[in-house]
Amino acid sequence: MNIEAYTRRRAELARRMGTGVAVIATAPERARNRDTHYPYRHDSYFYYLTGFTEPEAVLVLVAGENPKSLLFCRNKDIEREIWDGYRYGPDAARAAFCFDEAYPIAQLDERLTDLIANQPTLFYAMGADADWDAHMMAALNRVRAQVRAGVHAPGEIRDIYAMLDDMRLIKDSHEVEVMRRAAAISCAAHARAMRATRPGRHEYEIEAELLHEFRRAGSQFPAYGSIVASGPNACVLHYVSNDRRMADGDLLLIDAGCELDGYASDITRTFPVNGVFSGAQRDIYQLVLDAQSAAMTRLVPGASFIDYHDAAVEVLARGMVELGLLPGTYEQVMENESYKRFYMHRTGHWLGMDVHDAGEYKRAANWRKLEDGMVLTVEPGCYVRPAEDVPQAFWNIGVRIEDDVVVRAGGNEILTAAAPKSIADIETLMAGALEAA
Ligand code: GLY
Ligand code: MN
Ligand code: MN
């Protein structure tokens, strides 16, 4: 593990805080049903600063001239480790993760009182979790109860997420390296899904191919619920049932990406179940691909976040008019926003530890400017539900094409370029798979 990346981030956070104390907890474990828990996933902010993945852990960062980091975590417990597996315990965790001090989580409340006493500012995730809000207020009140002993309590409480969101928005080299590997696994999974797709198979059989490829390559989880949407389901934006039998002539839209070592990938590919695009499918697919290409050209440092969405919309709206999906002229379609009937979502989002990653999109009223090291998705689409005023050839065609991009001053890096995308590449790959079957 690259411990230096985490100590560097803690030092940077302390620098931005100036003075005061930050308290950042990891995620709680959650019961699914009796005696069964949801698979445990650490909190992204906590992980960003620690690399530590055990539950029941809290980071306390004391800023100032000599910043220090303290970890509170579960004790070693041989009895529990027989049932649940290895846990570091404070001593080993301190050494392995380079904290200045580490203590059992049971000592958090008692030590927190001393740690925040006489500090000007308490930073924590305000309002993110009601229990944690109460916990922090109780700690504050314990300090206030000591005023007669000459202790003063922090006069200011600040939200730590705002500061961390800003840091998380620009990925460091360690993060980009992990995201590159996550993306490579997801690209292989999408290619595998294309090879496995045939009329008559079920969506969930293809989902299983994706999950197999994720896991065999070491990914811990899917980064979000995989969407494997064939035929009319491709027009359901958050389709998750994945249980339909695919028919000859359908398109299959797959939006799936793995999470690797805490980082997400997010890819969508759309392809014909029988391996060959029909005329109408080809028209819509090429339109979305052209929209994506146009959007990509706007991803340069200094551009506003919304520019690439505007570029995609321009191409899509023109295409919708040309194909006869929408009445009127391009100018009218832009004016009355009728393109939103077939393209109703934004063209992308920040990507990182969370699939919809941390970071502001607007500052005051202004869209953020892109900077070197930001990572975002580029995912235009076109979704045509059956309707009397729409040419029947286009009914139930839903297409989205999504890639993950690192914005670079010297030229962007497309993390997901290896997932087949052009009509020719997709048809060639699928023809090969059918021949080999
Ligand atoms: N897979 C979620 C998204 O594309 O935003
Ligand atoms: Mn996305
Ligand atoms: Mn997606």
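Just follow the structure's listing: the first ligand is 1, and inside any ligand the first atom is 1.
You'll find the ring centres of Tyr343 and His345 inside the 6.0 Å limit.
Under a 4.0 Å criterion applied to the non-hydrogen atoms of His349, ligand 1 contributes the atoms 3 (C), 4 (O), 5 (O). Residue-ligand proximity, Glu402 to ligand 1, at heavy-atom distances under 4.0 Å covers atoms 4 (O).
The shortest contact between atom 5 (O) of ligand 1 and any protein heavy atom is with His356 NE2, 2.6 Å. Annotation: atom 3 (C) of ligand 1 to nearest protein heavy atom, Asp266 OD2, 3.3 Å.
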Criterion salt bridge (Lys or Arg N to Asp or Glu O under 4.0 Å) on Arg16 and Glu12, from CA distance to verdict = CA-CA 6 Å; Arg16 292 185 187 211; Glu12 173 60 18; 2.7 Å; yes

inquiry  = Does Gln286 form a side chain to side chain donor-acceptor pair (under 3.5 Å) with Asp290? I'd like the steps, not just the answer.
reply    = CA-CA 6 Å; Gln286 193 58 50; Asp290 292 346; 3.0 Å; yes

Give every donor-acceptor pair under 3.5 Å between a side-chain atom in residues 311-319 and any protein atom, sequence neighbours left out.
none

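Side chain to side chain, His212 and Arg192 meet the donor-acceptor criterion of an N or O pair below 3.5 Å.
Take a cut-off of 2.8 Å around the Mn ion (ligand 2): the protein N, O or S atoms inside it are Asp266 OD2, His349 NE2, Glu379 OE2, Glu402 OE2.
The aromatic rings of Tyr263 and His174 sit perpendicular to each other, their planes meeting at more than 60°, with 30° as the lower class boundary.
Between Arg41 and Glu29, none of the side-chain N atoms (NZ, or NE/NH1/NH2) sits under 4.0 Å from a carboxylate O, so this pair counts as no salt bridge.
The distance from the CZ atom of Arg400 to the CD atom of Gln292 is 12.0 Å, given to the nearest 0.5 Å.
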